[in-house]
**Q** 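Quick one: the structure is below, questions incoming.
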Amino acid sequence: MKRLICIFLAVCLLLSVGGCSYDYSDYVPTGGGLADDQSQMPTQPDGNEDKIVTLTFYKEKGLNPYLCTDYTNRVLMSLMYQGLFTTDSSYKTTPVLCGSYAPSMDYMTHVFTVDPKARFSDGTAVTSQDVAASLLAAKESPYFSGRLSHITGISLSGAGEVVINTDTEMGNLPILLDIPIVPAEQVAAHVPVGSGPYTLEDTVVGCYLKKQSKWWCQAALQISTPAIPLMEAASVSGIRDDFQFNGLNFVLTDPSSDKYVDYRSDAEMWNCESGLFLYIGCNQDSKIFDTPELRAALTYAIDRDSLASKFYRGFAQSATLPASPHSPYYNKALAAKYGYDAAKFAEAVTASGKQGSTLVLLVNSDDSLRLRAARAVGDMLTAGGFVVEMKELGGTAYENAIKKRQFDLYLGKTRLSPNMDLSAFFDTWGALSYGGLDDLAAYALCLDALADEGNYYNLHRTVMEQGLLCPVLFCNYTVYTTRGMFTQLAPARDNVFGYSIGKTMESVMK
């Protein structure tokens with residue numbers, strides 16, 4: 001707490017030296033924790049010093065957007081870095097650093113230029129070389145590599161443009177390119193320079209984010225103070241304690257993680273997309289689920305709302321299609337066909353002649369939350385007429401079991417890319433094609449969807465009618481704020497403090 005006071009005093013000194021003044025008018029909090037309507041641009045309310053947002057981060061983990069995967073630190077990155085594009089909580093993409101975008105007729109060659117006005121916080125211009133180097137670093141990174149799997153080349157044209165080649169038609173490549181851009185020579189730096197509205201300052205009394213006085217662009221920011229105090233984090237529980245007792249007033253949490261701890265203070269909560277997808281996969285060689293009819297009936301056995309409420313405490317959305325319910329690819333009318341219906345599942349089991357058969361349900365026991373959910377799934381399958389043998393393995397034992405197909409069903413968890421690409425499930429040797437799930441026809445439908453988002457309907461219908469996957473939930477991150485800090489908050493995936501600089505896709509298309 002003493003350290004925060006020192007940082008806070010330094011921030012106050014910065015405010016006074018900067019000659020800034022604020023309208024300290026009365027503020028009536030209207031925040032709607034977990035509200036459905038997140039369409040308004042959030043703003044930091046006017047008020048005195050106790051209304052200044054205070055953030056936290058793990059200093060030792062750094063703020064390299066390609067190497068640091070910690071969601072706590074990535075909150076700061078949304079204020080420090082910018083991508084060619086940005087994506088909001090409704091999955092709408094708008095340009096930021098992009099000056100122009102010209103896809104080829106077959107949407108397999110994508111040419112970008114950089115906004116000539118764009119500058120890093122040190123005053124240097126953002127160049128095509130910086131963009132290419134950043135995207136190449138992202139392609140090799142643990143955080144971004146999955147979403148960029150269809151990119152086969154990133155290069156510079158003779159005219160200094162960034163050229164991205166893909167192995168298939170990508171009708172909406174920009175949704176994947178909200179990746180932070182840093183100077184080419186700093187892609188491996190612990191804290192690279194960025195082009196966002198704030199920079200990290202490390203002082204003898206602690207760290208804070210300093211607002212750029214000569215930021216290259218204009219935007220209605222969610223936070224407008226000249227400086228943001230930072231508290232150094234030590235653990236998830238320590239962050240919770242700092243929030244409840246020590247002046248921290250804005251945190252991002254992962255309620256689907258084993259490390260999550262409850263927040264019991266008077267706080268407001270805001271859901272944030274994470275892309276974390278909980279699903280049931282089937283061994284295609286299973287003697288029980290050897291017909292598409294029984295595999296397709298599996299969706300009716302799962303009481304998703306019960307799982308979301310009991311185990312994920314409401315910090316997840318039931319999903320009967322393999323896409324986030326908040327994404328534009330999720331067709332609610334189609335999804336309604338595959339909801340929970342225990343009687344319908346029991347009828348399908350009886351019709352298959354498999355009633356009373358023993359099935360093996362595999363789960364990674366290293367994830368205790370998923371383990372508890374899997375046991376509940378086992379009870380649901382038992383109620384439908386099966387005898388369920390739980391196979392609870394961790395570490396290497398789990399990896400070996402899933403690779404060797406030592407299961408009938410498994411409860412999996414992965415992070416889908418913002419375009420909800422399923423090709424890793426169905427590609428030959430795909431990273432997620434466990435249980436012999438690779439399927440040329442399904443993979444072709446994935447590519448059709450990447451080419452034209454109108455084809456997601458056919459892809460999802462095929463997945464469900466053939467029982468290729470059984471979607472369960474999409475897990476959320478959750479933002480906690482001190483009550484009254486924001487009137488509205490619409491945190492987006494990788495973009496907690498989202499903003500627009502006024503560009504539109506139409507303005508950059510060539």
**Q** Do Tyr330 and Tyr457 have their ring centres less than 6.0 Å from each other?
**A**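 No, ring centres 6.0 Å or more apart.
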
**Q** Can you tell me how far the CE atom of Met108 sits from the CD atom of Glu169, to the nearest 0.5 Å?
**A**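 That separation rounds to 7.5 Å.
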
**Q** side-chain contact (heavy atoms from CB on, under 4.5 Å) between Leu445 and Asn455: does it pass, once the steps are laid out?
**A** CA-CA 8 Å; Leu445 288 174; Asn455 292 322; over 6 Å; no

**Q** I'd like to know if the side chain of Ser274 and the backbone of Cys475 have a donor-acceptor N/O pair within less than 3.5 Å.
**A**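 Checked: pair present.
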
**Q** Which residue, Phe474, Phe277, Tyr329, forms the side chain to side chain contact (heavy atoms under 4.5 Å, CB included) with Ser324?
**A** Phe474

**Q** A side-chain contact here means heavy atoms from C-beta on lying under 4.5 Å apart; do Pro180 and Phe144 qualify?
**A** yes

**Q** Check whether the side chains of Thr152 and Asn165 place a donor and an acceptor atom closer than 3.5 Å, and report yes or no.
**A**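 There is no such pair (donor and acceptor under 3.5 Å, judged by atom type) between the side chains of Thr152 and Asn165.
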
**Q** Taking 4.0 angstrom as the limit, do Asp367 and Arg370 come out as a salt bridge?
**A**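 Result for this pair is yes, salt bridge flagged.
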
**Q** To the nearest 0.5 angstrom, please state how far the CD1 atom of Ile302 sits from the OG1 atom of Thr320.
**A**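 Those atoms lie 12.0 Å apart.
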
**Q** Between the main-chain N or O of Thr478 and the side-chain N or O of Thr253, is there a donor-acceptor pair closer than 3.5 Å?
**A** yes

**Q** Just so I know, are the side chains of Leu176 and Pro418 near enough to count as touching, which here means a heavy-atom distance under 4.5 Å?
**A**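 Sidechains of Pro418 and Leu176: in contact.
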
**Q** Are the side chain of Asp258 and the backbone N or O of Leu369 linked by a donor-acceptor pair below 3.5 Å?
**A**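 Yes.
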
**Q** State plainly whether the residues Asp494 and Arg74 are in salt-bridge range, i.e. N to O under 4.0 Å.
**A**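 Answer for the salt bridge query: yes.
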
**Q** What closest approach, in Å, do Ala308 and Ser318 show between heavy atoms, and which atom pair accounts for it?
**A**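 Ala308 and Ser318 have their closest heavy atoms at CB-OG, 4.4 Å.
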
**Q** Mark yes or no for whether Arg415, through its side chain, and Leu276, through its backbone, hold a donor-acceptor pair below 3.5 Å.
**A**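 Looks like no, no N/O pair under 3.5 Å.
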
**Q** Do Gln406 and Leu393 come within less than 4.5 Å of each other through their side chains, counting heavy atoms only?
**A** no

**Q** I'd like to know whether Phe250 forms a side-chain contact (heavy atoms from CB on, under 4.5 Å) with Leu489, so could you lay out the CA-CA distance, the side-chain angles of the two residues, the decisive distance to 0.1 Å, and finally the verdict.
**A** CA-CA 12 Å; Phe250 188 107; Leu489 196 65; 4.0 Å; yes

**Q** Which label fits His110 and Phe112: parallel for a plane angle under 30°, tilted from 30 to 60°, or perpendicular past 60°?
**A**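 Rings of His110 and Phe112: parallel, under 30°.
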
**Q** Could Arg313 and Tyr260 be counted as a cation-pi pair, given that NZ or CZ must be under 6.0 Å from the ring centre and within 45° of the axis?
**A** no

**Q** Assess the residue pair Leu359 and Phe289 against the criterion (side-chain contact (heavy atoms from CB on, under 4.5 Å)); give the C-alpha distance rounded to whole Å, side-chain angles, the decisive distance to 0.1 Å, and a yes or no.
**A** CA-CA 9 Å; Leu359 67 83; Phe289 293 96; 3.9 Å; yes

**Q** With no hydrogens and no angle check, is any side-chain donor or acceptor of Asp88 less than 3.5 Å from a backbone partner on Lys92?
**A**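 At least one qualifying donor-acceptor pair exists.
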
**Q** Give the C-alpha distance, both sets of side-chain angles, the deciding distance and a yes or no for side-chain contact (heavy atoms from CB on, under 4.5 Å) between Met380 and Asp303.
**A** CA-CA 8 Å; Met380 296 171 191; Asp303 186 351; 3.8 Å; yes

**Q** Taking the side chain as every heavy atom from C-beta outward, state whether Phe425 and Leu469 have any pair of such atoms under 4.5 Å apart.
**A** yes

**Q** Check Pro142 against Thr69 and note the closest heavy-atom contact, atom names and distance.
**A** CG-CG2, 4.0 Å

**Q** Judged by modelled atom types alone, do Gln317 and Tyr312 share a side-chain donor-acceptor pair under 3.5 Å?
**A** no

**Q** Will you find, in the side chains of His326 and Asn271, an N or O donor that is under 3.5 Å from an N or O acceptor?
**A**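 Short answer, no.
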
**Q** To the nearest 0.5 Å, what is the distance between CG (Asp421) and CE (Met170)?
**A** 6.5 Å

**Q** Quick one: does Asp242's side chain have a donor or acceptor within less than 3.5 Å of a partner on Leu248's backbone?
**A** no

**Q** Looking only at heavy atoms, which two atoms of Tyr480 and Ala267 are closest? And how far apart?
**A**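 Closest approach of Tyr480 to Ala267: CD2-CB, 4.1 Å.
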
**Q** Is any NZ, NE, NH1 or NH2 atom of the basic residue among Asp290 and Lys354 found under 4.0 Å from an Asp or Glu carboxylate oxygen of the other?
**A**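 A salt bridge is present here (some side-chain N lies under 4.0 Å from a carboxylate O).
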
**Q** Grab the two heavy atoms, one from Tyr338 and one from Arg304, that are nearest each other, plus how far apart they are.
**A**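 Nearest pair, atom of Tyr338 first, then Arg304: O-NH1, 3.7 Å.
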
**Q** Using atom types as modelled and distance alone, determine if a side-chain donor or acceptor of Gln284 lies under 3.5 Å from a backbone N or O of Cys282.
**A**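 Yes, because the side chain of Gln284 sits within donor-acceptor range (under 3.5 Å) of the backbone of Cys282.
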
**Q** Is a side-chain donor or acceptor of Asp438 paired with a backbone partner of Ser433 at a separation under 3.5 angstrom?
**A**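 Here the side-chain-to-backbone pair does not exist.
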
**Q** List the atom of Asn64, the atom of Tyr66, and the distance in Å for their closest heavy-atom pair.
**A**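 Smallest interatomic distance, heavy atoms only, reads OD1-N, 2.9 Å.
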
**Q** With rounding to the nearest 0.5 angstrom, report the CD to CD distance, Glu293 to Glu465.
**A**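 Glu293 CD to Glu465 CD: 11.0 Å, rounded to 0.5 Å.
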
**Q** Do Thr428 and Leu440 have side chains that get closer than 4.5 Å, going by heavy atoms?
**A**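 A side-chain contact exists here, since the closest heavy-atom pair is under 4.5 Å.
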
**Q** Under 4.5 Å between any side-chain heavy atoms of Leu459 and Asp448, yes or no?
**A** no

**Q** Taking Tyr81 for the side chain and Leu63 for the main chain, is one N or O donor matched with an acceptor at less than 3.5 Å?
**A**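 Flag set: sc Tyr81 to bb Leu63 pair under 3.5 Å.
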
**Q** Is the Tyr263 ring parallel, tilted or perpendicular to the Phe243 ring (thresholds 30°, 60°)?
**A** perpendicular

**Q** How far apart are the closest heavy atoms of Met505 and Thr93, and which atoms are they?
**A** CG-O, 3.4 Å

**Q** Are Tyr101 and Pro174 side-chain neighbours, meaning at least one heavy-atom pair lies under 4.5 Å?
**A** yes

**Q** Would the distance check show the side chain of Ser134 and the main-chain N or O of Val182 forming a donor-acceptor pair, the cut-off being under 3.5 Å?
**A** yes

**Q** If we count only N and O atoms by modelled type, under 3.5 Å, do the side chains of Lys413 and Ser256 hold a donor and an acceptor together?
**A**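 On atom types as modelled, these side chains qualify, holding a pair under 3.5 Å.
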
**Q** Between atom CG of Leu136 and atom CG of Leu148, what is the distance when rounded to the nearest 0.5 Å?
**A** 10.0 Å

**Q** If you round to the nearest 0.5 Å, how far is CG of Leu321 from NZ of Lys337?
**A**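 Those atoms lie 10.5 Å apart.
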
**Q** Have Asn249 and Thr482 got a donor and an acceptor in their side chains that come within less than 3.5 Å?
**A** no

**Q** Is the shortest heavy-atom distance from the side chain of Tyr107 to the side chain of Thr166 under 4.5 Å?
**A** no

